[in-house]
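Encoded as structure tokens, the structure appears first; notes follow it.
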Amino acid sequence: MPSRLMTVNSDPDGQKFDGEESLISKRELAWRLGKSERTIDNWRRDHGLPCFKVSRSVLFRYSEVIRHLEKIAKSLTDGWEPPQTPASG
């Protein structure tokens with residue numbers, strides 16, 4: 001499992017304060033979602049996946065990514081109804 005790159009509001013031992021969520025790398029996000037790093041890049045570009053740029057690194061807060069993906073999925077399915085099958089008679 002890929003390791004976390006950094007922790008928000010952490011002491012030198014890497015302990016989190018006030019329940020802050022760790023930031024994770026693109027590699028770890030891809031692993032958690034079962035997707036490729038390339039897919040993560042595409043989602044950032046095409047769907048505005050929330051991230052933090054730190055120098056040349058891109059970091060993510062997993063809960064924000066999940067919330068964003070759920071919102072996208074809902075917007076894609078709003079108003080969608082399964083196709084009607086013709087009644088056989």
Out of curiosity, [X] [atom1] to [Y] [atom2], how far, rounded to the nearest 0.5 Å?
X: L69; Y: E64; atom1: CG; atom2: CD; answer: 12.0 Å
X: I24; Y: C51; atom1: CD1; atom2: SG; answer: 12.0 Å
X: L33; Y: W43; atom1: CG; atom2: CH2; answer: 5.5 Å
X: L49; Y: I72; atom1: CG; atom2: CD1; answer: 7.0 Å
X: I40; Y: F60; atom1: CD1; atom2: CZ; answer: 6.5 Å

Notebook entry, point to check: With a 4.5 Å limit on heavy-atom distance, are the side chains of K26 and L59 in contact?
Noted result: no
Margin query: Just so I know, are the side chains of F52 and V58 near enough to count as touching, which here means a heavy-atom distance under 4.5 Å?
Written below: no
Check: Who passes salt bridge (Lys or Arg N to Asp or Glu O under 4.0 Å) against K74, sequence neighbours left out?
Finding: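 If we apply the salt bridge (Lys or Arg N to Asp or Glu O under 4.0 Å) test to K74, skipping adjacent residues, the hits are D78.
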Note to self: Tell me whether T39 contacts the main-chain N or O of K35 through its side chain, where contact means a donor paired with an acceptor under 3.5 Å.
What the structure shows: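 Not a single qualifying donor-acceptor pair exists.
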Checklist line | Residues which pass side-chain contact (heavy atoms from CB on, under 4.5 Å) with S63, listed by chain and number, not counting sequence neighbours | finding: E21, R61, R67
Checklist line | Residue pairs fulfilling side chain to side chain donor-acceptor pair (under 3.5 Å) with at least one residue in residues 44-55, sequence neighbours excluded | finding: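 For residues 44-55, and leaving out neighbouring residues, the side chain to side chain donor-acceptor pair (under 3.5 Å) pairs sorted by first residue read N42-R45.
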